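Working notes, beginning with the structure itself.
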Amino acid sequence: MATCCPRSRPISTEYSAFQAQYVNLVDETDILSALRKQVDQVVDEWMRIDPQTSLVRHAPYTWSLREVVGHCNDAERIFGYRALRIARNDKTELPGFEENDYVRNADFDNCQWRDLIDEFHALRRANILLLSNVPDSAWTLDGICSTNRVTVHALAYIMVGHVRHHANIIRDRIKQASPVMA
């Protein structure tokens with residue numbers, strides 16, 4: 001199977017302008033190492049958050065921390081599915097998803113905080129295994145997701161950048177709520 005992933009950042013033609021906000025948060029060139037390092041880092045951070053705090057909605061945000069992590073789980077699952085389909089050279093156009101509808105219909109606030117974190121850990125580990133085992137040639141394959149071209153290579157960066165984006169928001173919200181904890 002795969003011997004390694006690309007050791008360079010994806011170029012701008014591998015992802016959409018919207019997805020650039022996530023890709024631009026990733027400086028690493030060894031994306032598999034970044035995926036591995038990030039899962040441990042964010043799980044450790046999120047486990048330190050009190051379950052009651054995870055239910056708080058900090059203005060101006062409308063989602064609780066549980067909903068943010070639940071959203072990360074939904075997106076991780078979708079990004080992994082997209083990477084799988086594209087890595088298998090499936091040329092079927094894949095739809096987008098409306099994150100607010102997903103969160104509204106998931107009832108994440110009634111999920112256990114620890115379960116949401118465990119789910120993220122499992123999803124990320126599954127995506128790491130998927131990406132670790134795709135053939136080298138699959139990294140450059142592309143597909144259409146949400147009407148935009150994207151490669152497997154870019155999707156790996158989007159996974160890291162998307163979680164980094166939301167982990168930064170969670171960190172900022174915790175700091176604002178309790179500056180002493182930061």
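On a predicted model such as this, the values are computed, not experimentally measured, just so you know.
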Are more than 12 heavy atoms from other residues, nucleotides or ligands located less than 6.0 Å from atom CD of E45? yes

Check: K91 side chain, D142 main-chain N or O, donor-acceptor pair, under 3.5 Å: yes

Please confirm whether the backbone N or O of S8 pairs with a side-chain atom of H153, one donor and one acceptor, at under 3.5 Å? yes

Consider only side-chain N and O atoms of D109 and S64, and report whether a donor and an acceptor are under 3.5 Å apart. yes

Taking the side chain as everything from C-beta on, heavy atoms only, tell me whether S54 gets closer than 4.5 Å to L116. no

With a 3.5 Å distance limit and no angle check, can you tell me whether R149 reaches the backbone of I144 through a side-chain donor-acceptor pair? no

No-hydrogen, no-angle side-chain donor-acceptor test under 3.5 Å, Q176 and H58: no

In Å, rounded to the nearest 0.5 Å, how long is the span from CG of D44 to NE2 of H121? 9.0 Å

Between the side chain of S132 and the main-chain N/O of I128, is any donor-acceptor distance below 3.5 Å? yes

Are the charged groups of R104 and E99 less than 4.0 angstrom apart, N to O? no

Might you work through the side chain to side chain contact (heavy atoms under 4.5 Å, CB included) test for V150 and I86, ending with a clear yes or no? CA-CA 9 Å; V150 67; I86 295 168; 3.9 Å; yes

Check E67 with R57, please: is the shortest side-chain N to carboxylate O separation under 4.0 Å? yes

Should V43 and I49 be counted in the same cluster of Ile, Leu, Val, Met, Phe, Trp and Tyr side chains packed under 4.5 Å apart? yes

Nearest 0.5 angstrom please: E14 CD to T151 OG1, how far? 3.5 Å

Does one hydrophobic cluster hold both V160 and L32, with members joined at side-chain heavy-atom distances below 4.5 Å? yes

Kindly work out whether a path of hydrophobic side-chain contacts (I/L/V/M/F/W/Y, heavy atoms less than 4.5 Å apart) joins L131 to L84. yes

Is P10 close to Y15 at the side-chain level, that is, under 4.5 Å between some pair of heavy atoms? yes

Minimum side-chain heavy-atom gap F97-I78 below 4.5 Å: yes

Which pair of non-hydrogen atoms, one from R66 and one from P51, has the smallest distance, and what is that distance? NH2-O, 3.0 Å

Does L35 offer a backbone N or O that forms a donor-acceptor pair with the side chain of Q38 under 3.5 Å? no

Rounded distance [0.5 Å steps], CG in L130 versus CG in L155: 10.0 Å

Side chain to side chain contact (heavy atoms under 4.5 Å, CB included) for E119 and C111? Distances and angles first, verdict last. CA-CA 11 Å; E119 182 180 358; C111 295; over 6 Å; no

Does the side chain of N148 reach to within under 4.5 Å of the side chain of F18, using non-hydrogen atoms? no

Validation row: V69, W63 side chains within 4.5 angstrom (heavy atoms): no

Start with the C-alpha gap between R88 and V134, add the side-chain angles, then the distance that decides, and say whether side chain to side chain contact (heavy atoms under 4.5 Å, CB included) holds. CA-CA 9 Å; R88 301 301 189 255; V134 297; 3.9 Å; yes

Verify whether the ring centers belonging to Y22 and H165 lie closer than 6.0 Å. yes

Does the side chain of N127 pick up a donor-acceptor pair with the side chain of R124 at under 3.5 Å? no

Euclidean distance, R82 CZ relative to S146 OG, rounded to 0.5 Å: 6.0 Å

Between I31 and W139, is a side chain to side chain contact (heavy atoms under 4.5 Å, CB included) present by the stated rule, with each step listed? CA-CA 11 Å; I31 197 60; W139 285 92; 4.2 Å; yes

So which atom in H71 and which in V103 form the shortest heavy-atom distance, rounded to 0.1 Å? CB-CG2, 3.9 Å

Gap between atom CD1 of I158 and atom CD of Q19 - 0.5 Å precision: 3.5 Å

Interatomic distance, CZ@R173 vs OH@Y61, rounded to 0.5 Å, equals 7.0 Å

Between Y157 and L25 (side chain of the first, backbone of the second, donor and acceptor by atom type, cut-off under 3.5 Å), is there such a pair? no

Between the side chains of R85 and Y81, is a donor N or O closer than 3.5 angstrom to an acceptor N or O? yes

Side-chain heavy atoms of I170 within contact of L65, under 4.5 Å: yes

Could you tell me whether D118 and R114 have a side-chain N and a carboxylate O separated by less than 4.0 Å? yes

With a 6.0 Å cut-off on ring centres, are F120 and W46 close enough? yes

Should T140 and V152 count as side-chain neighbours, where that means a heavy-atom distance under 4.5 Å? no

Contact check, side chains of L55 and W113, non-hydrogen atoms, under 4.5 Å: no

Please say yes or no: joined through hydrophobic side-chain contacts below 4.5 Å, possibly via intermediate residues, are L123 and M159 part of one cluster? no

